[in-house]
Amino acid sequence: MPASSPLMSTYLPQPVAFSHGDGVWLFDTQGRRYLDALSGIAVNTLGHNHPRLVAALREQVGRIIHASNLFESPLQKQLAARLTGLSGMTNVFFCNSGLEANEAAIKIARLYGHQRGIDRPEIVVYERAFHGRSLATLSATGNEKVQKGFEPLVEGFVRVPFNDAAALRRVGAERPNVVAVFLEAIQGEGGIHRARAEYLQEARRLCDERGWLLMIDEVQCGTGRTGRWFAHQWAGVVPDVMPLAKGLGSGVPIGAVVAHGAAAGVFKPGNHGTTFGGNPLAMRAGLTTLDVMEEEGLLDSARTVGDGLFETLRRELGAHAGVVDIRGQGLMIGIELDRPAGELVARALERGVVLNVTAERVVRLLPPLIFRSEHAAQLVDVLVPLIRDLLDRPQARAA
Ligand SMILES: *Cc1c(COP(=O)(O)O)cnc(C)c1O
């Protein structure tokens, strides 16, 4: 971005601007075509320009875009019913983004604590976690870079290592003010780390035992990305609170907090709200996304195409010196290298592929769920030589 940009410099964008998209393809303003293996960070579930989504949104724009939550909303009720049906949970609050969904989850946990006579409620959060960039959600995030400069942080969070059941049990024994356990089913920004099924099951047991809320942030790993509607479903648990966002609207901003049991009844009129949240345009995007996912069998294909891609990457890169690990589930895959991998983003762009690097050393693949095996093969053809080339170059010694 030139120094003269009128934008605040919150990002260092690649020097490419996309003018339009078609399915798994993006086109830049010069007319170059790129394979999208990022989906705008797990957002464009149906790829770009999906005819069903375009038609539904056009129709909705011509009908009504916004009316506020001061009036009944049939579309909100429809989408809420879909989400509760798919999750086995009971009630939904709609908002506009991931951090807002997480902020609402944190408020539910605190109010739940107060309602049980705990005046200074604490929420268990995790190393490497990412929950957003509002003050509360960055305080819950386990990354000092996200927090630095924004102190004082919001209090009331207790941090533990991920997938460490003993540490969680210890917190339970030592801290009487804990009211909730808050984690991603798969840590996305933190480098694609899955919560083990046994860990989620143990967390569920502990929450039941202690009267804590199990709050699973599915903002990135939810909405079908792993081949189930929600990533925690692989572990057979049901959370009390589940924030959603990114992929739910296929590109239209949307957030949702799905709740179950006691957590679903915590908010009363006046406790929480939003002007834009749940607007008819976003609801229509959410409903259409879920409909098309079902009609086109995108859960199954996320799983099978993802498994195939994973196996190929393992075969091609698994034994290569410098590849630390290849992890993930469905169409959420991370390739951890032993060195910074950021330069791969620009190199892949030069070769017509959009991908991402997170946690400095983890190549992150989050293609749209309409990705097919032939697209995975095209991705592999570009990505594998790029990674090998990076790893085969002599490493600059750390100064
Ligand atoms: C992206 C993300 C968020 C924040 O979502 P925004 O819409 O950017 O506020 C929260 N939690 C997780 C797990 C995420 O991946």
Side-chain angles (χ1 to χ4, degrees), residues 8 10-11 13 38-45 93-109 123-143 145-147 150 154 157 159 162-163 180-195 200 214-226 229-232 239 241-258 274 276-279 282 285-286 289 327-334 355-359 362 364-367 369:
M8 289 195 195
T10 48
Y11 285 85
L38 178 60
S39 315
I41 321 183
V43 167
N44 302 101
T45 303
F93 173 82
F94 288 109
C95 52
N96 309 286
S97 67
L99 81 79
E100 280 177 69
N102 285 333
E103 192 83 23
I106 293 166
K107 285 181 70 174
I108 288 172
I123 300 172
V124 177
V125 293
Y126 287 79
E127 291 172 4
R128 284 190 316 235
F130 182 81
H131 297 297
R133 289 172 177 278
S134 68
L135 283 171
T137 58
L138 75 81
S139 301
T141 289
N143 179 345
K145 278 192 202 151
V146 172
Q147 299 173 334
F150 300 108
V154 172
F157 296 107
R159 198 168 305 283
F162 201 56
N163 276 329
V181 174
F182 186 25
L183 79 170
E184 295 152 271
I186 303 180
Q187 293 182 325
E189 303 305 302
I192 316 293
H193 298 278
R194 275 171 73 179
L200 287 177
L214 180 60
M215 311 205 297
I216 303 188
D217 181 345
E218 293 259 0
V219 166
Q220 185 164 153
C221 57
T223 321
R225 181 142 294 277
T226 64
W229 286 104
F230 309 108
H232 67 262
V241 179
M242 173 173 68
L244 294 173
K246 291 195 167 90
L248 183 57
S250 272
V252 175
I254 185 171
V257 192
V258 188
T274 166
F276 289 125
N279 68 77
T289 299
R327 302 183 283 264
Q329 191 156 36
L331 288 173
M332 184 171 187
I333 297 177
L355 52 71
N356 176 257
V357 169
T358 189
V362 182
R364 175 169 54 166
L365 306 175
L366 298 165
L369 303 194

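The structure presented is a predicted model; accordingly, all values stated were derived computationally and were not measured. As the structure lists them, so they are numbered: ligands from 1, and atoms in each ligand from 1. Start at 1 with the first residue, then count along the sequence.
- Nearest heavy atom pair, residue Ser139 against residue Val154, reads OG-N, 2.8 Å.
- Residues passing the side chain to side chain contact (heavy atoms under 4.5 Å, CB included) test with Asn102 are His131, Thr137, Phe182, Asp217, Val219, Pro243, sequence neighbours excluded.
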For ligand 1, list all ligand N or O to protein N or O distances below 3.5 Å, rounded to 0.1 Å.
residue	atom	partner	partner atom	Å
ligand 1	7 (O)	Gly98	N	2.8
ligand 1	9 (O)	Leu99	N	2.8
ligand 1	11 (N)	Asn102	ND2	3.4
ligand 1	11 (N)	Phe130	O	3.3
ligand 1	11 (N)	Asp217	OD2	2.8
ligand 1	15 (O)	Gln220	NE2	2.7
ligand 1	15 (O)	Lys246	NZ	2.6

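- Arg364 places no side-chain N or O within 3.5 Å of a backbone atom of Leu38 that could act as its donor or acceptor partner.
- Side chains of Asn143 and Glu189 form no contact here, defined as non-hydrogen atoms less than 4.5 Å apart.
- Using a 4.0 Å cut-off between a side-chain N of Lys or Arg and a carboxylate O of Asp or Glu, Glu218 and Arg225 do not qualify as a salt bridge.
- Within a 6.0 Å sphere centred on CZ of Arg128, heavy atoms belonging to other residues, nucleotides or ligands number more than 12.
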